[in-house]
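Worksheet: the structure to be examined is printed underneath.
Whatever order the structure lists them in is the order used to number ligands and atoms, beginning at 1.
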Amino acid sequence: MKNLIEFTNVVKKFDDKVVLNDISLWVKEGKTLAIVGFSGSGKSTVLKIISGLLKQDSGNIFLGDDNIGMVFQYSALFDSLNIFDNIAFALKERKDFKNKYSTKELKEIVKEKLKTVGLEEIEDKYPSELSGGMKKRVSFARTIVTNPKIILYDEPTAGLDPVSSTVIEDYIVCLKEETKAASIVVTHQMSTIQRTADDVIMLYEGKIVWKGKPKEMLTTDNPYAYQFVNAKREGPMLTTAGK
Ligand SMILES: Nc1ncnc2c1ncn2[C@@H]1O[C@H](COP(=O)(O)OP(=O)(O)OP(=O)(O)O)[C@@H](O)[C@H]1O
Ligand SMILES: [Mg+2]
């Protein structure tokens, strides 16, 4: 299996603040890497660099495919567009897909992608008519509509109840198996780490302070991972909420 995502000694600064400090990581096709860490530790910055929204200051980035899908924090659906138009958006607007499909084909693709995330016949509804969990699933459908080989999830289960979280976690695993994409899941949630990830890295102040398998995270005596897993105020990490 080949690497679809590779960071080598990546550094990213905002003004004088070093947000990613010499980060190396890789994700192979069909694998999921969870990135965990407190608020402000640089997790979203990693995703933004991969998706081309930001550029690193130094270090190398290799991407084995340029078809990248991102599931944004808070679903980020367009409120004024119905579900069909939200999902078909990339196919209508991205220049590599524009005019490739007829309206009939678009309808079929949208229907199929909605089915993949367990939804049917909601094409005419608007985001405000859906629950948080359904919106998340619609945002998944929107992301996979272009069949990306790299899928990035920014806190996909944040704000969801435990059962809705499980549904989303199952879809992340399902999509991985179906598409063989390389995925990165940024999350704070232990259930999401345990259910979806093959490997985990933990960031603190721009550095990787722990990496291992999801199960190892539960038993390691690494002080950073221990503090995170057990939600301890005492430990090497300070949150932005203070100690
Ligand atoms: N465009 C920007 N300009 C300046 N500083 C930024 C910018 N984007 C992020 N930062 C800073 O970089 C740091 C890391 O941000 P990032 O969004 O990657 O954190 P995060 O780990 O995703 O946090 P959270 O869990 O709150 O989403 C933060 O201190 C943030 O304030
Ligand atoms: Mg973030």
Side-chain angles (χ1 to χ4, degrees), residues 5-27 32-61 63 68-77 132 135-136 139-140 142-143 148 150-160 165 168-169 172 182-197 199-212 214 217 222-233 235-243:
I5 305 170
E6 233 175 77
F7 273 40
T8 313
N9 307 117
V10 170
V11 174
K12 174 69 193 167
K13 296 179 197 159
F14 290 111
D15 301 320
D16 286 341
K17 190 174 173 201
V18 183
V19 172
L20 299 179
N21 190 353
D22 199 20
I23 297 292
S24 297
L25 59 84
W26 55 92
V27 190
T32 301
L33 173 72
I35 302 184
V36 305
F38 288 160
S39 191
S41 59
K43 305 178 301 291
S44 294
T45 302
V46 170
L47 301 190
K48 286 178 189 160
I49 289 175
I50 296 170
S51 60
L53 294 169
L54 290 173
K55 180 133 182 48
Q56 76 274 23
D57 293 297
S58 62
N60 280 320
I61 306 223
L63 299 174
I68 299 167
M70 176 128 162
V71 177
F72 290 92
Q73 219 168 332
Y74 312 116
S75 305
L77 298 175
K135 274 191 238 180
K136 264 291 169 222
S139 74
F140 276 34
R142 182 178 63 174
T143 300
I150 293 174
I151 309 180
L152 311 172
Y153 301 92
D154 202 350
E155 302 197 20
T157 48
L160 297 181
S165 290
I168 294 296
E169 288 153 2
I172 293 174
S183 315
I184 295 185
V185 179
V186 163
T187 183
H188 293 288
Q189 222 160 293
M190 281 310 287
S191 67
T192 307
I193 300 166
Q194 296 300 323
R195 289 212 182 89
T196 66
D199 296 280
V200 188
I201 64 173
M202 194 168 163
L203 292 181
Y204 181 62
E205 293 190 333
K207 289 263 188 202
I208 296 177
V209 290
W210 182 79
K211 67 180 186 181
M217 196 173 185
N222 172 285
Y224 295 92
Y226 182 84
Q227 185 185 359
F228 186 87
V229 171
N230 297 286
K232 295 280 189 204
R233 295 176 73 143
M237 300 184 289
L238 276 167
T239 73
T240 46
K243 248 192 174 183

Indicate yes or no for a side-chain donor-acceptor contact from Thr8 to the backbone of Gly59 under 3.5 Å, with no hydrogens or angles considered. no
Report for the Mg ion (ligand 2), protein N, O or S closer than 2.8 Å, by chain and number, lists Ser44 OG
Could you tell me whether the side chain of Gln194 and the main chain of Pro214 form a donor-acceptor pair under 3.5 Å? yes
Within the side chain of Asn222, is there an N or O that forms a donor-acceptor pair under 3.5 Å with the backbone of Val209? yes
Pair Ile49, Phe7 - check side-chain contact (heavy atoms from CB on, under 4.5 Å), show working. CA-CA 10 Å; Ile49 289 175; Phe7 273 40; 4.0 Å; yes
Can Lys48 and Lys12 be said to form a side-chain contact (heavy atoms from CB on, under 4.5 Å), step by step? CA-CA 11 Å; Lys48 286 178 189 160; Lys12 174 69 193 167; over 6 Å; no
Any side-chain donor paired with an acceptor under 3.5 Å for Thr157 and Thr192? yes
To the nearest 0.5 Å, what is the distance between CD1 (Ile201) and CG (Leu203)? 5.0 Å
If you draw the axis of the six-membered ring of Tyr204, does the NZ or CZ of Lys207 fall within 45° of it and under 6.0 Å from the ring centre? no
So which protein residues pack against ligand 1 under 4.0 Å, heavy atoms counted? Phe14, Lys17, Val19, Phe38, Ser39, Gly40, Ser41, Gly42, Lys43, Ser44, Thr45, Glu155, His188
Is a donor on one side and an acceptor on the other found under 3.5 Å between the side chain of Gln227 and the backbone of Lys232? yes
